Novice: 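Below: one structure in structure tokens.
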Amino acid sequence: MEVAVTEDILRQYDIASSVDYVCSRGFKRVTLQFPDELCGEAVSVATALEIGIKAWHQQCGNEVAAAESSVELPKLFVLADTTFSSCCVDEVAAAHADADCVLHYGHACLSPVSRIPVKF
């Protein structure tokens with residue numbers, strides 16, 4: 001199944017900034033946290049991030065390595081049905097995925113996070 005990545009997805013979810021955040025910090029296991037009302041767009045967002053991450057590695061001189069799969073690209077995990085309210089970062093679910101960071105989408109209460117880097 002081919003997933004369409006629209007300009008709206010790229011803009012609404014600030015894909016370019018998220019790709020730079022993940023790649024420039026060398027994260028390898030990334031969780032994407034969505035509230036229930038945005039879960040339907042999770043596959044499109046993850047696809048857009050995967051495309052952007054591959055392009056980032058190619059632009060940074062890892063073109064041959066990325067093509068040959070010798071560079072380990074980050075793995076993405078979608079979090080849904082969060083432990084607490086969807087506005088709070090689900091550090092528990094991220095820990096279960098052994099994540100290096102969380103990309104949090106949707107409304108956020110910005111409560112303090114102590115265990116993992118988060119991009120809102």
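Just so we're clear, the structure is a prediction, and the values are computed from it rather than from any experiment. The first residue of the sequence shown is numbered 1, and numbering continues consecutively from there.
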Novice: Other than Val102, which residues form its hydrophobic cluster under the rule that side-chain heavy atoms must be closer than 4.5 Å?
Specialist: Val89, Leu110, Val113, Ile116, Val118, Phe120

Novice: Considering only Ile, Leu, Val, Met, Phe, Trp and Tyr, and joining two whenever side-chain heavy atoms are under 4.5 Å apart, list the other residues clustered with Phe77.
Specialist: none

Novice: Quick one: do Thr31 and Leu103 satisfy side chain to side chain contact (heavy atoms under 4.5 Å, CB included)? Show the steps, please.
Specialist: CA-CA 6 Å; Thr31 53; Leu103 301 180; over 6 Å; no

Novice: Minimum heavy-atom separation for Ala48 to Val5, with atom names?
Specialist: CB-CG1, 3.5 Å

Novice: Could you tell me which non-hydrogen atom of Leu76 sits nearest to which non-hydrogen atom of Ala46, and how far apart they are?
Specialist: CD1-O, 3.6 Å

Novice: Going by heavy atoms in the side chains, are Val30 and Lys75 under 4.5 Å from each other?
Specialist: no

Novice: Do Pro74 and Phe27 come within less than 4.5 Å of each other through their side chains, counting heavy atoms only?
Specialist: no

Novice: Ile15 vs Leu49, test: side chain to side chain contact (heavy atoms under 4.5 Å, CB included). Steps then yes/no.
Specialist: CA-CA 6 Å; Ile15 298 299; Leu49 287 167; 4.1 Å; yes

Novice: Grouping I, L, V, M, F, W and Y whenever their side-chain heavy atoms are under 4.5 Å apart, do Val45 and Val22 come out in a common cluster?
Specialist: yes

Novice: List in chain and number order the residues that pass side chain to side chain donor-acceptor pair (under 3.5 Å) with Glu41, two or more places apart in sequence or in another chain; answer none if no residue qualifies.
Specialist: Tyr13

Novice: Output the distance between atom CG (Asp98) and atom CG (Asp100), rounded to the nearest 0.5 Å.
Specialist: 7.0 Å

Novice: Is the side chain of Ser85 donor-acceptor paired with the backbone N or O of Cys88 at a distance under 3.5 Å, no angle test?
Specialist: no

Novice: Return each pair, listed once, that meets side-chain hydrogen bond (donor to acceptor under 3.5 Å, both in side chains) where at least one residue sits in residues 18-30; pairs must be two or more places apart or across chains.
Specialist: none

Novice: What are the two closest heavy atoms between Pro35 and Tyr105, and how far apart are they?
Specialist: CD-O, 3.1 Å

Novice: Salt bridge or not between Asp14 and Arg11? Use side-chain N to carboxylate O under 4.0 Å.
Specialist: no

Novice: Could you state the interatomic distance from CD (Gln12) to CD (Glu7), rounded to the nearest 0.5 Å?
Specialist: 13.0 Å

Novice: Who passes side-chain contact (heavy atoms from CB on, under 4.5 Å) against Ala42, sequence neighbours left out?
Specialist: Phe34, Val78

Novice: Indicate yes or no for a side-chain donor-acceptor contact from Glu37 to the backbone of Gly106 under 3.5 Å, with no hydrogens or angles considered.
Specialist: no

Novice: Which heavy-atom pair separates Ala94 from Leu79 by the least distance, and what is that distance?
Specialist: N-CD1, 4.2 Å

Novice: Hey, what do you get for SG (Cys39) to CG (Leu32), rounding to the nearest 0.5 Å?
Specialist: 10.5 Å

Novice: Can you list every side-chain hydrogen bond (donor to acceptor under 3.5 Å, both in side chains) pair that touches residues 107-120, not counting sequence neighbours?
Specialist: Ser17-Lys119

Novice: Does Asp90 offer a backbone N or O that forms a donor-acceptor pair with the side chain of His104 under 3.5 Å?
Specialist: no

